[in-house]
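To start, the structure itself, in structure tokens.
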2 protein chains.
Amino acid sequence: MEGVSGNKYGGILRFSRDDPARVSETVDSPSRKPRADAERNRLRLLDTAKAVFGEKGPSASLEEIAREAGVGIGTLYRHYPTRDALIEAVYRNETGQLAAAATQLSAAHPPVEALRLWLLLFIDYLGTKYGMAAVFGSVTGGTAALYAACNSGTPEAIALLTDRAVASGEIRLDMDPIDLLRAIAGVASAGPGWQETARRLVDILIAGMRTS
Amino acid sequence: MEGVSGNKYGGILRFSRDDPARVSETVDSPSRKPRADAERNRLRLLDTAKAVFGEKGPSASLEEIAREAGVGIGTLYRHYPTRDALIEAVYRNETGQLAAAATQLSAAHPPVEALRLWLLLFIDYLGTKYGMAAVFGSVTGGTAALYAACNSGTPEAIALLTDRAVASGEIRLDMDPIDLLRAIAGVASAGPGWQETARRLVDILIAGMRTS
DNA sequence: TTATTTCCGGAGACGCCCTCCACTTAGTCT
DNA sequence: AGACTAAGTGGAGGGCGTCTCCGGAAATAA
């Protein structure tokens, strides 16, 4: 369908086997139509995975996900050959809206304010999509590749905002802007009420980056 | 049923190395002297665990640790009934020096500078004792209790520094100071060169907290 | 030395990861 | 419609982990 089929266009997620149907789809495809049940299973898996990851974090049992989705474990692995592939598929869409918001905010607000608002939005995302924080901040088991894939668009989004703010001369930033997000995600490991803290941290960061 | 030998003295409060108190402390237990081999095994386990955790992170195989220490898996579990207990024992001493440094720095430097230096020291610690960062920042599998135990003394240490800096009127801080550490630990998940970033982050944080 | 208590250590039950492949089924062809 | 065939299914099985349990070994006390 819609969002999920983003995989078939998104370059990073690769299917384990060569998939002529998909590959040649851009060209004219003489190949047979993909089976309906396969797609159905894939969606069920994706939904279930989203639920389970959201509940138990990104290290939840894949067998449980397969069981709960009503498919065999083999089917899960067919669609998502690695845990990372599944996590990536689950969280891929999330960041899209964040990226979009960056452009919007950038157009509607002065540079620094746009950055600030976007960081607050980022906090909201970390909150609603629980598990994202874990994915974002996890060292343990968190591949760099996975990280990059899961947050595709995010680096560009924040780069857009910081570049603009830096260009305006209002702030100075001698680091990869993504590290701002890492810092924020860091406090997300705290208990309830962390969002308050995170928001305060945003203020501190902004203030600290200001060229005075 | 049994008090696991190490934990019987109050688990959390026990020091891993020499414990002279133990000999004379047999007030209400006229029982026999603890066996020498038990203590020996415990120390071997501790050393091995420190090495292995340092190399593979806090999710290393406990079986491997036992194997490498030359004891049975049962022995490991006897001394450290849970993975968390072992991690705690390994990292308990680490923070002691950090805590001590806080007092020292506090006495030798102006408030804000002391705080800054201590945060830099914290970064060094995260670097040298690899795995600490993982323990510190991990949401996945990281119990809150474990977190607290592993970093005993640290909250007090940074509280001392921030309280002093706040009292001097030079900075403002509307959050638990430990969250500063969480933020710093957050960037430790970045690749090589993270220490540079972390140091820059410290500057930003300090600047951001300043009451101008 | 003998008795007693503590401690060792690995077998075993169970869960999870991932692979492999005999079988089923959806789309296609006649 | 029915047969054909590749795509897709699902679960058994091997490897590795965690954690428990308890018979037997070893250290201490008498």
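Quick note on labels: first sequence line is chain A, next is B, and so on, each numbered from 1. These numbers were taken from a predicted model, which means no experiment stands behind them.
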> When you measure from the side chain of A:Y77, which nucleotide among C:dC16, C:dC8, C:dC17 comes out closest?
Replying inline: C:dC17
> How bent is the helix from C:dT1-D:dA30 to C:dT30-D:dA1, comparing axes over its five end pairs at each side, to the nearest 10°?
Replying inline: 0°
> In Å, rounded to the nearest 0.5 Å, how long is the span from NE2 of B:H79 to CG of B:L43?
Replying inline: 9.0 Å
> Could you state the CG-P distance from A:L43 to D:dG8, rounded to the nearest angstrom?
Replying inline: 14 Å
>> Going by side-chain contact (heavy atoms from CB on, under 4.5 Å), name the residues that satisfy it together with A:S106, two or more places apart in sequence or in a different chain.
In response: A:L160, A:L161, A:R164
>> So if I define the base as every atom that isn't primed, P, OP1 or OP2, how would nucleotides 23-30 of chain C read as a B/S/- string at a heavy-atom cutoff under 4.0 Å?
In response: --BBBS--
> OP1 or OP2 of C:dG15 less than 4.0 angstrom from a side-chain nitrogen or oxygen of A:S61, does that happen here?
Replying inline: no
> Do B:Y80 and B:E88 have side-chain N/O donor and acceptor atoms under 3.5 Å apart?
Replying inline: no
> Is the phosphate of D:dG8, meaning OP1 or OP2, less than 4.0 Å from a side-chain N or O of A:T75?
Replying inline: no
> If you take all heavy atoms of A:V187 and B:D179, which pair is closest and at what distance?
Replying inline: CG1-O, 3.6 Å
>> I want to confirm an ordering. Mapping B:R67 and A:G74 to their closest nucleotides on DNA chain D, which one lands closer to the 5' end?
In response: A:G74
>> Check the phosphate of D:dC19 against B:T82, side-chain N and O only, distance under 4.0 Å to OP1 or OP2. Yes or no?
In response: no
> A:I73 near the nucleic acid: base, sugar-phosphate alone, or nothing, with a heavy-atom cut-off under 4.0 Å?
Replying inline: base
> Is there a side-chain contact between A:L205 and A:L201, using heavy atoms and a 4.5 Å cut-off?
Replying inline: yes
>> Tell me whether the side-chain N/O atoms of A:N41 come closer than 4.0 Å to OP1 or OP2 in D:dT9.
In response: yes
>> Once side-chain contact (heavy atoms from CB on, under 4.5 Å) is applied, do any residues pair with A:A165, and if so which ones, sequence neighbours excluded?
In response: A:P111, A:V112, A:I171
> Phosphate oxygens OP1/OP2 of D:dT9: is one of them under 4.0 Å from a side-chain N or O of A:H79?
Replying inline: yes
>> Holding to side-chain contact (heavy atoms from CB on, under 4.5 Å), I want the full list of residues that pass it with A:A99, two or more places apart in sequence or in another chain.
In response: A:A157
>> Quick check: on DNA chain D, is the nucleotide nearest B:E63 upstream (toward 5') of the one nearest A:E63, or the reverse? Name the residue that is more 5'.
In response: A:E63
> Within this structure, what is the CZ-to-C1' distance between B:R83 and D:dT20, rounded to whole angstrom?
Replying inline: 17 Å
> According to the salt bridge (charged side-chain N to carboxylate O under 4.0 Å, His left out) rule, which pairs have a member within residues 192-204 of chain B, sequence neighbours left out?
Replying inline: A:D174-B:R200, B:R116-B:D203, B:D124-B:R199, B:E196-B:R199
>> I need the B:N41 CG to B:L76 CG distance, nearest 0.5 Å.
In response: 10.0 Å
